[in-house]
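Here you go, one structure.
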Amino acid sequence: MTTQPARTRIAPSPTGHMHLGTARVALYDYLLAKKTGGQFILRIEDTDLKRTVPGAEQEIMDGLRWLGLQYDEGPDVGGPYGPYRQTERREIYQHYAKVLVEKGQAYPCFCTPERLDQVRQEQMKRKENPHYDGTCRILAPDEAARRIANGEPYTIRFKMPQEGVTVAHDHLRGDITTENKQLNDQVILKTDGLPTYHLAAIVDDHEMKITHVLRGSEWLGTFPLHVNIVRAFGWDEPAWIHLSVFLKPSGKGKMSKRETAQAMKDGYSIFIKDMQELGFTPEGVLNWGALMGWGVPEGDVMTVPQMIERFTIDSLTPSPAAINFQKLDHFNATHIRLFSTGDLAARLKPYFTREGLNVREDVLLKMIPLIRERLTTLDDCIDFGAFFFKDEVTPNTEDLIAKGLDAKQLAEIAKRAYEILSSLPQIDHVTAEPPMRAYVQSSGFSANQVFGILRVAVTGQKVSPPLFESMEIIGRDVCLKRIARAVEMLEQG
RNA sequence: GCCCCCAUCGUCUAGUGGACUAGGACGCGGCCCUUUCAAGGCCACGACCGGGGUUCGAAUCCCCGUGGGGGCACCA
């Protein structure tokens, strides 16, 4: 286990919404950095101009902040190894590409995309592996120089060894051995002068003194390439950790558009921004994500500080994990129950406000203990507690009708309840419950029937927080007014 | 097609040759509590992919299958 301060980075490309996968890698990066007293860095990998989408970078930064994974260095906070946006580091990559060419480890390539495509087609037709055919690898240097001077567009390709094997070491998976003949001369600098991921990431990780590279296992295929590039420069390698990928809930394959849409329909999402809006908490999301790919023996409900305490790279798991949204619900609800009343009040208030409700601070603080353990997501507070902030509630007549009772009986119950409660100087669970229970006893009706009618009358809904505690918060006058109205409704209907 | 990775309850996982009658969590089922809905408590169901080795002994090490995943771009 590392005791030296680790410098870790999350290096997303701003090509779409920030998703769960990015959040999880960022979490592990963050945990490792904090645990070792190191730094966590955000680097934006925006070298693919065609795929860059406006606003995506901001969404990543917002997402990380919402999650509480504040980076020590990044595009908007700066740092000693900036800039932290790859399009602003163009010259650095060009310099290093040139270094590689001079060392004989890379070469200019003038093949056009059209020719490359044609070569690939032919190779596939012959059932060969698609690979670069090496046309420009054997070009004489002066010939290449002449064509460059001529203004011919060119890329730089990395010259992979063609014999022997490459052994790359991954901390979770051990040595990964690849025959070099399987490898192929990849483009590291594009015609537009920007690097591909292969060059950019390696150069930046070195320049930014990254000690641990955590990334998805989709990078395993290019892993040998990357270590070859590092070695060509003669640099020390970071520790490589290839995390498992997330599978769709069925466990068959990665999340596709289809599953993503289905999740949204069910009230879930793999996008951080959506999760926030759906009422999930950073604590819940992080705890959930952390455990997909990290095993703890027991006590799996953890806050970030507790995760920092317990985190080790060695306890990460290499196998793919199916997304399980029910588990997200569980962790979210569990963390909501752990929040203090004041904390939860601050988190809930926006949801009430969003509904156009006028939130009285004192009422908010009083109702939270009543609804806290009933919430799965924060927005559930509307279902359970909106009535606390409404001037009037409008019960459905049919909700008012308790099973097995006729209209006369219903009206009688409501009326009697009104009489009992209106005789009290104040209504709370201490004063109101005993006489109401006594009435249930003497009336022959069930508690379920009597309290059911009262619940609907007072809260306007069949499911609510505890009745008498709720009435206490609503207040005597309002309660009586609402019960009176119910009596009216029942007598009419 | 080729290459690489992975493999314990339905799902996430613990397990690093004997403490395994394989532990925990989610979900599911039941019971208790209960004015609704939750929460909480208790109980149950439920897995080492298959076959060969190695070893006194294998979930754990090796090999071969099988299954699953990922990759084979001037995308990351």
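Residue numbering restarts at 1 for every chain, and letters A, B, ... go by the order of the sequence lines. Below, each value reflects all heavy atoms present in this structure, side chains not excepted, and no hydrogens, waters or symmetry copies.
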Fill in: Thr376(A): side chain to side chain donor-acceptor pair (under 3.5 Å) partners, not counting sequence neighbours
none
Return the polar atom pairs (N/O with N/O) between nucleotides 26-30 of chain B and the protein under 3.5 Å, or none.
{"unit_1": "C26(B)", "atom_1": "OP1", "unit_2": "His330(A)", "atom_2": "NE2", "d": "3.4"}

Practice prompt. Grab the CG-C1' distance between Asn332(A) and A25(B) for me, whole Å please.
Written response: 16 Å
Discussion item. Parallel, tilted or perpendicular: which one describes the rings of His242(A) and Trp240(A), with boundaries at 30° and 60°?
Written reply: parallel
Response to the item:
Ranking U36(B), G69(B), C75(B) by distance to the side chain of Lys50(A), first place goes to C75(B)
Worksheet item: According to a strict under-4.0 Å criterion, is Arg215(A) in side-chain N/O contact with OP1 or OP2 of A76(B)?
Response: no
Discussion item. Please classify the nucleic acid contact of Val463(A) as base, sugar-phosphate, or nothing, using heavy-atom distances under 4.0 Å.
Written reply: base
Sort me out a list of protein N/O and nucleotides 2-9 of chain B N/O pairs below 3.5 Å, or just none if empty.
{"unit_1": "C2(B)", "atom_1": "O4'", "unit_2": "Asn129(A)", "atom_2": "OD1", "d": "3.4"}
{"unit_1": "C2(B)", "atom_1": "O2'", "unit_2": "Asn129(A)", "atom_2": "ND2", "d": "3.1"}
{"unit_1": "C2(B)", "atom_1": "O2'", "unit_2": "Gln182(A)", "atom_2": "OE1", "d": "3.3"}
{"unit_1": "C5(B)", "atom_1": "O2'", "unit_2": "Arg173(A)", "atom_2": "NH1", "d": "2.2"}

Practice prompt. Round to a whole Å and report the spacing from CG of Asp399(A) to C1' of C37(B).
Written response: 14 Å
Worksheet item: Does anything in residues 155-166 of chain A pair up under salt bridge (Lys or Arg N to Asp or Glu O under 4.0 Å), and if so which pairs, sequence neighbours excluded?
Response: none
Review item, nucleotides 61-66 of chain B N/O atoms under 3.5 Å of protein N/O:
none

Item to complete: Go through the structure and list residues passing side chain to side chain donor-acceptor pair (under 3.5 Å) with Asn150(A), not counting sequence neighbours.
Response: none
Fill in: is_close_aromatic(His17(A), Phe271(A)), centroid dist under 6.0 Å
yes
Worksheet item: Roughly how far apart, to the nearest Å, are G71(B) and U54(B) at atom P?
Response: 40 Å
Fill in: Separation of atom CE in Met18(A) from atom C1' in A76(B), rounded to whole Å
16 Å
Worksheet item: Expressed as a whole number of Å, how far does the C1' atom of U8(B) sit from that of A25(B)?
Response: 15 Å
Response to the item:
In Phe246(A), Phe325(A), Phe280(A), the residue satisfying ring-ring contact (aromatic ring centres under 6.0 Å, His included) with Trp288(A) is Phe325(A)
Worksheet item: In Watson-Crick or G-U wobble terms, both distances under 3.5 Å, what is the partner of G1(B)?
Response: C72(B)
Practice prompt. Answer with yes or no whether Thr196(A) presents, from its side chain, a donor or acceptor under 3.5 Å of a partner atom in the base of C74(B).
Written response: no
Response to the item:
Sorted by chain and number, sequence neighbours left out, side chain to side chain donor-acceptor pair (under 3.5 Å) with Gln409(A) holds for none
Discussion item. Roughly how many Å apart are G1(B) and A59(B), using the P atom of each and rounding to a whole number?
Written reply: 34 Å
Worksheet entry | Side chain to side chain, Leu220(A) and Phe223(A), heavy atoms closer than 4.5 Å | yes
Practice prompt. Sequence neighbours left out, what pairs pass ring-ring contact (aromatic ring centres under 6.0 Å, His included) with at least one residue falling in residues 177-206 of chain A?
Written response: Tyr197(A)-Trp219(A), Tyr197(A)-His226(A), His198(A)-His226(A), His206(A)-Trp235(A)
Worksheet item: Say you pick atom C1' in C64(B) and the same atom in C45(B); how far apart are they, in whole Å?
Response: 35 Å
Item to complete: For His19(A), check ring-ring contact (aromatic ring centres under 6.0 Å, His included) against everything at least two apart and list the hits.
Response: none
Practice prompt. Could you pick out which residue, Glu433(A) or Arg120(A), lies toward the 5' side of RNA chain B when each is mapped onto its nearest nucleotide?
Written response: Glu433(A)
Discussion item. Partner lookup for U11(B), please. Criteria are Watson-Crick or G-U wobble with both distances under 3.5 angstrom; report none if nothing qualifies.
Written reply: A25(B)
Worksheet item: Which whole number of Å gives the distance between the P atom of G15(B) and that of C2(B)?
Response: 36 Å
Discussion item. Less than 4.0 angstrom between a side-chain N/O of Arg157(A) and OP1 or OP2 of C74(B), yes or no?
Written reply: yes
Worksheet item: In the strands shown, is G46(B) matched to any nucleotide by a Watson-Crick or G-U wobble pair with both distances under 3.5 Å, and which?
Response: none
Worksheet item: Can you name the residues that form a side chain to side chain donor-acceptor pair (under 3.5 Å) with Arg258(A), not counting sequence neighbours?
Response: none
Discussion item. Roughly how many Å apart are U11(B) and G50(B), using the P atom of each and rounding to a whole number?
Written reply: 15 Å
Item to complete: Round to the nearest Å and state the distance from Ile323(A) atom CD1 to G69(B) atom P.
Response: 14 Å
Discussion item. Tell me the interatomic distance from Asp117(A), atom CG, to C75(B), atom C1', rounded to whole angstroms.
Written reply: 15 Å
Practice prompt. Measure the distance from CZ on Arg310(A) to P on U13(B) and round it to the nearest whole Å.
Written response: 15 Å
Item to complete: For His95(A), enumerate each residue passing the side-chain contact (heavy atoms from CB on, under 4.5 Å) test, keeping only those at least two apart in sequence or located in another chain.
Response: Val99(A)
Worksheet item: Between A38(B) atom P and Met367(A) atom CE, what is the distance in whole Å?
Response: 18 Å
Counting only pairs under 3.5 Å, give me each side-chain donor-acceptor contact of residues 105-114 of chain A, with atom names and distances, residues two or more places apart or in other chains.
{"unit_1": "Tyr107(A)", "atom_1": "OH", "unit_2": "Asp185(A)", "atom_2": "OD2", "d": "2.6"}
{"unit_1": "Thr112(A)", "atom_1": "OG1", "unit_2": "Arg115(A)", "atom_2": "N", "d": "3.1"}

Worksheet entry | Rounded distance in Å between the P positions of G65(B) and U55(B) | 23 Å
Fill in: Base-pairing mate for U16(B) - Watson-Crick or G-U, with both contacts under 3.5 Å
none
Worksheet item: Mind checking the C1' distance from G70(B) to C74(B)? Whole angstroms is fine.
Response: 23 Å
